[in-house]
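Here is how names work: the chains are called A, B, and so on, in the same order as the sequence lines, proteins then strands, and each is numbered from 1.
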Amino acid sequence: MGEMARFYGRFLTGLILALVAFWFLALILMPQISMIQRAFHYEARDGAAAQAVLEANRLQQRVATMNFDIRALEREVAAGVSGAAPAAPSPSNPFAGLPSPGAPRPGLPTPGLTPSPGGASAEAPEARLERLRAERDGLTETIAESRATAQRLRAEEAAAQGWSLRNFTLMSPLHWRIFGLTLVYALCVTALSFLVCYPIAYAAAQAKTPRRTALLLLALTIPYALNELLRIFAWTMILANQGLLNHALDALGIIDLSQGGAIRWLASNGSVFLVMVYTYMLFMVFPIYGSLETLDRNQIEAARDLGASSWRIHWRVALPHARPGVAVGAIMTFMLAVGSLSVPQLVGPGLHPDWFSQIVNRNFFESNSWNVGSAQALLLLVSCTIFIFLVMRVFRVGIREIAR
Amino acid sequence: MQGQEVALERLGMRFGEFTAVEPTDLTIKAGEFFSILGPSGCGKTTILRMVSGFQSPSEGRVLIGGQDMTALPPNKRPTALIFQTLALFPLMTIWENVAFGLEAQGVPKARRRKRAEELLDLVALGGQEDKRPSQLSGGQRQRVAVARALAVEPAVLLLDEPLSALDLKLRQHMRAELKTIQRRTGVTFIYITHDQGEALAMSDRVAVMRAGRVEQVGPTEEIYNRPATSFAATFVGENNLFRGRTAGAEGGLVEVETPFGLLRGQNADSLGSGEEAMLFIRPERLAPARPEHDLRLRAQVERADLEGPFFNLHLRAGDQRILLQLPNEGATPPEGEMELGFSSRDARVLRAGALAHG
Ligand SMILES: Nc1ncnc2c1ncn2[C@@H]1O[C@H](COP(=O)(O)OP(=O)(O)OP(=O)(O)O)[C@@H](O)[C@H]1O
Ligand SMILES: [Mg+2]
């Protein structure tokens with residue numbers, strides 16, 4: 001650090017260190033910790049306990065209104081007024097006389113008994129009082145029960161709340177399947193990307209003239225001047241039912257668009273793979289290019305001079321040399337593919353099942369279940385880490401050899 | 001393994017406007033150790049790449065063993081190239097390197113391994129089979145490259161300055177090794193170098209090249225003792241040069257009018273009189289004047305460098321620098337002014353032309 005201070009001066013060094021600290025703490029450590037913490041923190045939402053409490057409270061309110069009605073009736077009976085006269089609307093229900101604004105909710109008994117205006121011949125106040133009292137007692141019992149249940153449930157929930165694996169264990173089998181499939185898909189994308197990018201990187205690295213290398217790499221880079229979403233969207237225009245591809249096939253007479261013979265390219269995993277390979281190509285091409293560029297062309301010529309076929313030259317000389325680049329490219333492409341949201345979203349609407357990244361996204365931003373989303377994101381993180389170690393293991397031989 | 005003859009017929013190479021190799025006729029005999037000697041950029045590598053097939057010539061033909069190879073790719077020719085950078089495969093073990101050509105031919109592993117061991121024994125590297133190139137010394141790597149090239153049983157081995165990366169001691173050692181390997185295998189070696197000492201020490205015959213053109217071809221002693229051009233005379237070994245104009249020729253000798261008076265030497269270019277000429281005399285043919293010397297000079301000793309068996313005596317006569325090799329016989333070297341002499345039979349008069357340095 002002292003060396004750094006001497007090199008950049010005190011102010012710059014301080015600035016650099018502060019920025020690094022900010023980057024590490026605010027952009028890496030904190031989100032990561034928060035994610036992990038959420039992932040292992042179960043949060044009951046719309047739980048049964050809350051529902052029970054809500055129900056009990058509602059019943060409690062009804063009991064209160066009933067009490068009011070009962071008291072009114074008691075006074076009536078005590079005054080000796082026999083129920084001949086239609087009473088003014090019950091105080092508990094000032095709107096009783098009005099037409100009800102909506103259908104009464106089914107299953108819920110209307111609170112209080114609305115004396116119908118024309119129902120003078122209805123039951124006697126004593127009988128009504130009797131009935132209301134009975135009803136109230138029943139309700140009070142139900143409330144007690146409800147409260148007890150709520151308490152029990154809440155205790156249970158409180159026990160489950162907090163640190164637990166429930167965010168993982170409660171994930172549906174479908175989601176687990178999607179998770180597994182997404183990993184497989186990402187592996188496919190990585191492999192495809194390698195197959196496409198290795199020849200390109202080789203051509204660029206071993207081009208006869210530096211001009212040709214520059215042209216090739218420029219041609220690869222230009223599409224990246226476009227926003228990623230636009231780049232993907234360009235593909236959807238090609239692959240759409242009424243897109244370029246189907247029109248071209250139509251023009252060639254292979255399909256007949258007017259007869260509705262459009263081939264459905266979008267919303268297939270093939271298209272998603274294709275677009276992903278295209279979108280993340282540079283991340284595979286450049287590392288491979290970088291390592292192939294250091295390959296002494298004489299080695300290739302020597303191999304050819306010794307009679308090796310092109311295939312053997314690649315397998316025995318060029319590819320082993322490019323292994324570190326391939327490893328880096330594979331890691332980057334895999335991580336991008338596993339986490340890619342825009343490609344499956346734009347290319348595969350209606351694709352079933354979704355990619356895992358879409359599910360994570362939905363949990364975060366649609367159903368607002370951050371904790372479940374965190375758990376799923378953590379799964380992705382863990383699988384990426386495992387993938388990195390696997391790749392390192394597979395390619396470590398190469399890295400060691402190169403170090404030698 | 002049996003060496004084959006290599007013949008270049010009007011073989012030339014142009015890169016656009018630039019002529020890297022002028023049309024050249026050259027025959028390299030079967031089983032010969034042949035060197036192509038020339039300064040950097042004179043077109044040596046280009047010739048080698050045309051013989052090996054990595055470069056198709058812009059004109060002329062390459063014949064190996066009497067067969068036209070001009071249109072064949074490198075792997076179809078009975079040649080093996082050893083690169084200036086060696087180009088060993090760093091990720092393979094030594095024996096895999098050596099056996100790579102056999103692997104390409106589909107030879108089973110056990111046989112490959114056995115053959116690799118034999119070849120490594122041949123180049124005195126037995127027991128190093130399972131190391132990697134980076135674990136070997138420069139000279140050992142050099143020999144691995146030779147073994148790898150020999151594994152495909154080439155009729156012609158092409159070596160592009162393979163020793164240039166080694167230090168002097170090792171280079172001298174490897175000269176002898178390569179020579180031995182060549183003798184033992186009987187393969188035709190075409191050896192490229194810009195080091196005239198290397199070419200003289202190893203070769204049967206040498207071609208001296210300058211700027212895309214072969215200036216002289218001949219056995220080593222002829223190249224050294226009877227250089228054909230002023231370039232060859234100055235590029236191969238040390239030489240003292242006296243410029244002048246020919247005065248008269250008689251009986252294979254020619255007189256040259258120089259600032260030091262009339263000197264005389266072998267009339268190698270059959271010069272007439274009044275022509276621009278250069279008279280060359282090797283430092284070891286100069287000596288303090290003795291009675292048998294028919295030519296004499298006076299010069300001032302500037303410096304005497306001890307080279308072990310002899311002194312390099314640097315002298316000056318006016319603007320002329322003179323180098324003289326004096327055997328070290330135990331006495332201190334002379335100082336001050338001295339009289340030098342040489343015999344006109346040892347001097348060589350050539351038409352004035354380009355020199356190797358300046
Ligand atoms: N592919 C090429 N394109 C254009 N010019 C070239 C090419 N290859 C070689 N040259 C030119 O041809 C000339 C001879 O090159 P070459 O490699 O044969 O020299 P060399 O004698 O092997 O030199 P060195 O001793 O430095 O290896 C050089 O001037 C070089 O610049
Ligand atoms: Mg060269």
Side-chain angles (χ1 to χ4, degrees), chain A residues 198 201-203 205-212 287-330 391-404, chain B residues 15-16 45 48-49 51-55 72-93 96-107 112 116 131-136 144-154 156-162:
Chain A
Y198 176 78
Y202 184 83
Q206 298 291 320
K208 286 255 158 47
T209 63
R211 234 177 80 97
R212 219 178 286 178
I288 300 184
Y289 167 77
S291 55
L292 275 180
E293 203 204 355
T294 63
L295 175 60
D296 180 6
R297 187 173 307 183
N298 283 342
Q299 274 184 38
I300 295 169
E301 291 198 340
R304 179 157 299 133
D305 190 43
L306 293 168
S309 59
S310 297
W311 187 86
R312 189 180 297 278
I313 290 173
H314 284 293
W315 185 243
R316 292 285 277 145
V317 181
L319 248 183
H321 185 90
R323 270 195 289 191
V326 176
V328 172
V391 168
M392 298 268 279
R393 216 185 155 72
V394 170
F395 289 82
R396 191 167 60 182
V397 197
I399 289 165
R400 261 201 206 142
E401 276 163 1
I402 286 159
R404 230 188 313 224
Chain B
F15 295 109
T45 299
L48 212 63
R49 290 175 66 81
V51 173
S52 60
F54 282 112
Q55 183 101 61
L72 291 184
N75 48 351
K76 296 271 159 53
R77 301 190 186 197
T79 58
L81 180 55
I82 294 180
F83 291 80
Q84 214 158 352
T85 54
L86 299 188
L88 296 180
F89 306 125
L91 302 180
M92 297 184 201
T93 59
E96 283 177 318
N97 262 282
V98 173
F100 186 79
L102 301 175
E103 184 188 321
Q105 291 167 10
V107 175
R112 289 205 309 263
K131 289 191 180 170
R132 310 225 169 222
S134 53
Q135 293 170 301
L136 297 188
V144 174
V146 173
R148 184 179 72 176
L150 289 176
V152 291
E153 314 213 337
V156 181
L157 197 62
L158 308 166
L159 303 97
D160 191 354
E161 305 199 32

Asks: Go through the atoms of B:E103 and report whether side chain, backbone, both or neither lie under 4.5 Å from a heavy atom of chain A.
Replies: both
Asks: Measure distances from B:I82 to the heavy atoms of chain A and classify the residue's part below 4.5 Å as side chain, backbone, both or neither.
Replies: neither
Asks: Examine whether an atom of B:F89 lies under 4.5 Å from a heavy atom of chain A, and if so say whether it belongs to the side chain, the backbone or both; otherwise answer neither.
Replies: both
Asks: Is A:R316 close to chain B through its backbone or its side chain, or both, or neither, when contacts mean heavy atoms under 4.5 Å?
Replies: both
Asks: Specify which of A:L306, A:I313, A:I300 makes the most heavy-atom pairs with chain B at under 4.5 Å.
Replies: A:L306
Asks: Between A:N298 and B:A87, is there a donor-acceptor pair closer than 3.5 Å when you use the side chain of the first and the backbone of the second?
Replies: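 No: the side chain of A:N298 does not pair with the backbone of B:A87.
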Asks: Should we count CZ of A:R304 as having more than 12 external heavy atoms under 6.0 Å?
Replies: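 It does not: A:R304 CZ has 12 such atoms or fewer within range.
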Asks: Tell me, for B:R148 versus chain A, whether the close heavy atoms (under 4.5 Å) come from the side chain, the backbone, both or neither.
Replies: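 Contact with chain A is through both the backbone and side chain of B:R148.
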Asks: Side chain from CB out, backbone as N, CA, C, O: work out which of these in A:D296 comes under 4.5 Å of a heavy atom of chain B, or both, or neither.
Replies: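 Contact with chain B is through the side chain of A:D296 alone.
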Asks: Restricting to non-hydrogen atoms, name the atom on A:E301 and the atom on B:F54 that form the minimum distance, rounded to 0.1 Å.
Replies: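 That would be O-CZ, 3.1 Å.
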Asks: Quick check: do A:V317 and B:M92 have side-chain heavy atoms less than 4.5 Å from each other?
Replies: yes
